[in-house]
*Asks:* 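Here it is, the structure in full.
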Amino acid sequence: MTDKEIVLTKENLFYYLSKSQLGRAIELIDNLLTQVQDGYYGDEVYELKTNYKRMLQYMFYGVNDPEQHLVYQHLLKETYEIGEHLADKLLQLNSTQYTYRTKRLFAVQPVISDELVLSGFQRYASLGNRKTESDIREYEMLISYSFDKYWLTSLYSETMLQQVKLLAEDETIGQIELCSLASAITLSSMAFFDEKKCLALVELTKSRYPEVVLRALTGVVLFLYFHHQRISFYPVIRTQITLLFDKEEFIVASQLIIKQFIRSKETEKITKDITENILPELSKIAPHVQNDLADIDKQEELEDKKNQWQDMIEETGIGEKMQQYAELQSQGADIQMSTFSMLKNYPFFNVVSNWFLPFYAEHSSVSNLFKEEKENSFLSFLAKSPILCHSDKYSFCLNLTMVPEQYRKAMMNGVQMESEQLKEMTNDKLSLSNTVVAEEIMNKYIQDLYRFYKLFPKNNKNSFDDIFTYKFDFHKTWMFRLLNPTNEFLFEIANFYFAKEMYENALSALLELEEHTEPSADLYRKIGFSYQKTYNYSLAIEYYLKAELIETENIWTIRKIAYCYRNLKQTEKALEYYLLADSLQPNTIRLLFTIGVCYVEMQDYDTALRYFYKIEFLESNHKKSENYIALCSFLQKKYSQATKYYHKQPDKNTFYELLYIGHAYWCLGNKKEALHYYLQSAYTVKKETKQFKNFYEALEQDTDILLKHGFSLKDIVFIGDAVRMKIES
């Protein structure tokens, strides 16, 4: 079996088990077993089948077994475990995935005992400022080894769990080691289910370091999300998690973690916009800024230059958008991905553990930079500030090491002048409540995770299942009940999904909320809109009508009902609600236009024209209404009036309008002028779509209409051929 076939078999097996289809899951177990040829697992599968057959026999022979449900749950649990172990064993044999290649390499490396790892960490802490380069390298090696051990081990032993407890409780062990350990266990726990991994993460939530606690808690939340269908089989996990969430601070922190994962769904859109629209404009003024920075000596000069730079930014038209992104960043959005995604190609990032390493100035890859700087320098401040995530701090410093020393010093002198303002911003954040500080730590850690899953060296990228492609529908998990004792968080998360335009998740959360709250027009409108956005127009109408019963004559609701009826091709019903909206909000151009279009679709051209003429009276040069006046005139065989309205704003005519001008001139008997506009239409299509095909398709689609206006089938063929020959010549 190929890697893809093994993974697909495992996914299908888990799907069947989630639907309690044990028999079909066992068939897939057999497929995996034939590939593994392992006697131990052969016995396990035989026992599994025997127990299931016995249970079925008892049931069909009328034996009343009060333990049947428990037996069946145990069989499901066993099948999950055996299936996962078999798939993992197959992949470990010859998978080309990066993780499994690394597992095979790690297995033949010299083993470093837990005692040596612990004593090595303790020794490093005791050295203080007396560390040599050799000490630093040894420390980095131990962190990397410890990370790899806990990341690459599928099933933890009791010894490994006890080692985590020991490290978490030892006061000489630092934050860096424990943060790295928490990330390793998190990565491993998402790839392969293991009860002890969850318990190890719970142990790390008892750490005295807030960042370790929050990393471990993030791991717990991810573990419970990705394995939520299996949690019911493990009472020890349920007990430990229930005890964990007995503490209010862990509930609040977990809620923040969930919201940040949902917020991460915006990152791709933000990054695309910044990359395509903002960075190109900023690159135009960058040379001016660089020249100015080189000449600045005093703070006063910097302030003057900053005003000039601001004016330059405003002139580009991106100032307002940058302000919007600054506000989004203050709410936790990741706007720096576009900048730092280009700085992840250093050899440092070829090592998985380095993506999760807390930033510290002693690391051998960046330490030389800090030897050059003073204690209160910008770099020293950056190392401690929450402005960048750890991964981006390493990127920033690694990039600096590539800059020649004289340029680096000049650049840092310029940046140094800005550091006081940044320090003030940082101090403001650190002086806020513990919740705000915790949110900052979690946001940056989730950004570290995001960068790893999106940017880990591309030749190895497919070796990791990108967790940020998942729906993050946390409200469907067992854990959510513990985080939502009064339904307040369900209300908050439903609105959060809705605000982030995650309508599928919003819909399921809002429907659950409907079961636990009083009827509300606002709730029904949001459910209706979510159905609309997921293209279920019938159910959208149902909920919009419920909202309308509670809060009548709401113009927004009425227009949405009309919109949904129109998408269901029920034009008469749509028109009924558009007319009601018009009576409540008369002379609204967009509404008048839509009503006119509905009458056109119903072939009531006289009434349609009344609405388009009204728009013409209210707003001159309304091109869309002019086009429809022209179209209605053509359909009523008023060809001269049709050309008159099409010619009112000739520069705005699309290929479709040009096509109908051609039709009108043909009907007026001016075939030469008709051919001229047919050619214009064809060239416009070519300009817009890079091909002429759409012109010929539009001409063919108009056949039924043209036949009613005196065209013959030969005429339509001749028009197409004449245009084609003119183009070729």
Side-chain angles (χ1 to χ4, degrees), residues 18-20 217 220-233 235 237-263 265 331-332 435 439 470-552 554 556-557 560-561 564:
S18 72
K19 302 296 181 184
S20 295
L217 189 60
V220 169
V221 169
L222 288 171
F223 180 88
L224 295 173
Y225 172 68
F226 282 101
H227 302 297
H228 70 95
Q229 290 173 326
R230 298 173 68 174
I231 302 301
S232 61
F233 304 135
I237 290 179
R238 295 203 310 276
T239 300
Q240 288 297 313
I241 298 303
T242 303
L243 289 172
L244 184 70
F245 290 143
D246 271 348
K247 298 175 183 176
E248 181 66 23
E249 63 266 30
F250 283 119
I251 290 179
V252 172
S254 297
Q255 290 174 348
L256 292 172
I257 289 167
I258 285 172
K259 288 174 71 174
Q260 187 58 22
F261 273 113
I262 296 169
R263 190 180 280 115
K265 290 289 187 181
Q331 296 166 13
T435 301
E439 190 168 11
Y470 284 76
K471 290 181 181 179
F472 290 149
D473 45 355
F474 293 97
H475 61 286
K476 294 182 178 179
T477 64
W478 168 81
M479 153 186 66
F480 196 81
R481 280 174 270 164
L482 302 176
L483 302 177
N484 181 49
T486 62
N487 283 323
E488 287 182 18
F489 189 50
L490 178 61
F491 178 82
E492 187 179 347
I493 211 73
N495 285 301
F496 199 67
Y497 284 133
F498 190 84
K500 300 302 175 188
E501 300 180 0
M502 297 170 65
Y503 295 112
E504 191 176 335
N505 282 357
L507 183 58
S508 59
L510 289 165
L511 289 171
E512 189 174 337
L513 194 61
E514 183 190 13
E515 297 177 10
H516 302 289
T517 57
E518 293 294 319
S520 152
D522 182 61
L523 177 61
Y524 289 148
R525 275 195 288 266
K526 285 178 178 174
I527 294 174
F529 192 71
S530 298
Y531 272 126
Q532 177 188 316
K533 283 294 185 178
T534 51
Y535 308 107
N536 192 331
Y537 298 113
S538 296
L539 283 173
I541 291 169
E542 182 182 319
Y543 276 90
Y544 284 143
L545 290 172
K546 286 182 179 182
E548 180 65 9
L549 282 173
I550 297 172
E551 193 177 298
T552 58
N554 180 286
W556 186 91
T557 309
K560 292 301 177 189
I561 294 170
C564 291

*Asks:* According to ring pair (Phe, Tyr, Trp, His ring centres under 6.0 Å), who are the partners of F498, at least two apart in sequence or on a separate chain?
*Replies:* Y503, F529
*Asks:* Scan side-chain atoms only and decide if K526 and N495 contain a donor-acceptor pair under the 3.5 Å cut-off.
*Replies:*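 There is such a pair between these side chains.
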*Asks:* Under 3.5 Å, is there a donor-acceptor pair between the side chain of K560 and the main chain of A540?
*Replies:*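 It does not hold such a pair.
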*Asks:* So which atom in S530 and which in L510 form the shortest heavy-atom distance, rounded to 0.1 Å?
*Replies:*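 Shortest heavy-atom separation between S530 and L510 comes out as OG-CD1, 3.8 Å.
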*Asks:* Just do the side chain to side chain contact (heavy atoms under 4.5 Å, CB included) check on T239 and L243 with the steps written out, would you?
*Replies:* CA-CA 6 Å; T239 300; L243 289 172; 4.2 Å; yes
*Asks:* Which atom pair, heavy atoms only, marks the closest approach of I231 to L224?
*Replies:*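 The pair with the smallest heavy-atom distance is CD1-CD2, 3.8 Å.
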*Asks:* Assess the pair Y497 and H475: is the distance between their ring centroids shorter than 6.0 Å?
*Replies:* yes
*Asks:* Quick one: does any side-chain atom of N554 pair with a main-chain N or O of T557 as donor and acceptor, under 3.5 Å?
*Replies:* yes
*Asks:* Is the shortest distance from a Lys or Arg side-chain nitrogen in E439 or K259 to a carboxylate oxygen in the other one below 4.0 Å?
*Replies:* no
*Asks:* Distance check, rounded to the nearest 0.5 Å: I561 atom CD1 versus E542 atom CD?
*Replies:*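 Output value for this atom pair is 12.0 Å.
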*Asks:* I'd like to check P519 versus I550 (side-chain heavy atoms, cut-off strictly below 4.5 Å). Are they in contact?
*Replies:*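 They are in side-chain contact.
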*Asks:* Supply the atom-to-atom distance K533 NZ to M502 CE, rounded to the nearest 0.5 angstrom.
*Replies:*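 Rounded to the nearest 0.5 Å, the NZ-CE separation comes to 15.0 Å.
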*Asks:* I'd like to know if R525 pairs up with E551 as an ion pair, taking the criterion as any Lys NZ or Arg NE/NH1/NH2 lying under 4.0 Å from an Asp or Glu carboxylate oxygen.
*Replies:*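 Salt bridge: yes.
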*Asks:* Any chance you could measure F233, atom CZ, to I237, atom CD1, to the nearest 0.5 Å?
*Replies:* 11.5 Å
*Asks:* Any donor-acceptor pair under 3.5 Å linking the side-chain atoms of Y524 with those of E548?
*Replies:* no
*Asks:* Determine the minimum heavy-atom distance between L490 and A509, stating which atoms define it.
*Replies:*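 Here L490 and A509 meet closest at CD1-O, 4.0 Å.
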*Asks:* Do W478 and S232 have side chains that get closer than 4.5 Å, going by heavy atoms?
*Replies:* no
*Asks:* What is the distance from atom CG of L539 to atom CD of Q532, rounded to the nearest 0.5 Å?
*Replies:* 12.5 Å
*Asks:* Give, for atom CD1 of I493 and atom CD1 of I258, the distance between the pair rounded to the nearest 0.5 Å.
*Replies:* 6.0 Å
*Asks:* One pair to check against side chain to side chain contact (heavy atoms under 4.5 Å, CB included): K500 and F496. What are the steps and the verdict?
*Replies:* CA-CA 6 Å; K500 300 302 175 188; F496 199 67; 3.8 Å; yes
*Asks:* So which atom in I262 and which in F472 form the shortest heavy-atom distance, rounded to 0.1 Å?
*Replies:* CG1-O, 4.3 Å
*Asks:* Can any side-chain N or O of N487 pair as donor or acceptor with the backbone N or O of L513 at less than 3.5 Å?
*Replies:* no
*Asks:* Identify, with sequence neighbours excluded, every residue that meets side chain to side chain donor-acceptor pair (under 3.5 Å) alongside K19.
*Replies:*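 Per chain and number, K19 pairs via side chain to side chain donor-acceptor pair (under 3.5 Å) with no residue.
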*Asks:* Check the pair C564 / Y544 against side chain to side chain contact (heavy atoms under 4.5 Å, CB included), numbers first and verdict last.
*Replies:* CA-CA 10 Å; C564 291; Y544 284 143; 3.9 Å; yes
*Asks:* Taking everything shown except F491 itself, do over 12 heavy atoms lie less than 6.0 Å from its CZ?
*Replies:* no
*Asks:* Using the side chain to side chain contact (heavy atoms under 4.5 Å, CB included) rule, take D246 and I251 through it: C-alpha gap first, then chi angles, then the decisive distance, then the call.
*Replies:* CA-CA 8 Å; D246 271 348; I251 290 179; over 6 Å; no
*Asks:* Counting only heavy atoms not in K265, do more than 12 sit closer than 6.0 Å to its NZ atom?
*Replies:*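 Yes.
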*Asks:* If you compare all heavy atoms of A521 against all heavy atoms of A547, which two are closest, and at what distance to 0.1 Å?
*Replies:*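 Shortest heavy-atom separation between A521 and A547 comes out as O-CB, 3.6 Å.
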*Asks:* Pick one: which of Y225, F226, F480 meets ring pair (Phe, Tyr, Trp, His ring centres under 6.0 Å) with F474?
*Replies:* Y225
*Asks:* Is it the case that over 12 heavy atoms from other parts of the model lie below 6.0 angstrom from the CD atom of E249?
*Replies:* yes
*Asks:* Do the side chains of M479 and H228 get nearer than 4.5 Å, heavy atoms only?
*Replies:* no
*Asks:* Rounded to the nearest 0.5 Å, what separation is found between the CG atom of L507 and the CG atom of D473?
*Replies:*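 Result: 12.0 Å between the selected atoms.
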*Asks:* For the side chain of S508 and the backbone of N505, is there at least one donor-acceptor N/O pair under 3.5 Å apart?
*Replies:* yes
*Asks:* Cationic tip of K546 within the cone over Y543's six-membered ring, i.e. under 6.0 Å and within 45° of the normal?
*Replies:*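 That pair qualifies as a cation-pi contact.
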*Asks:* Is there a donor-acceptor pair closer than 3.5 Å between any side-chain N or O of T534 and the backbone N or O of Y531?
*Replies:* yes
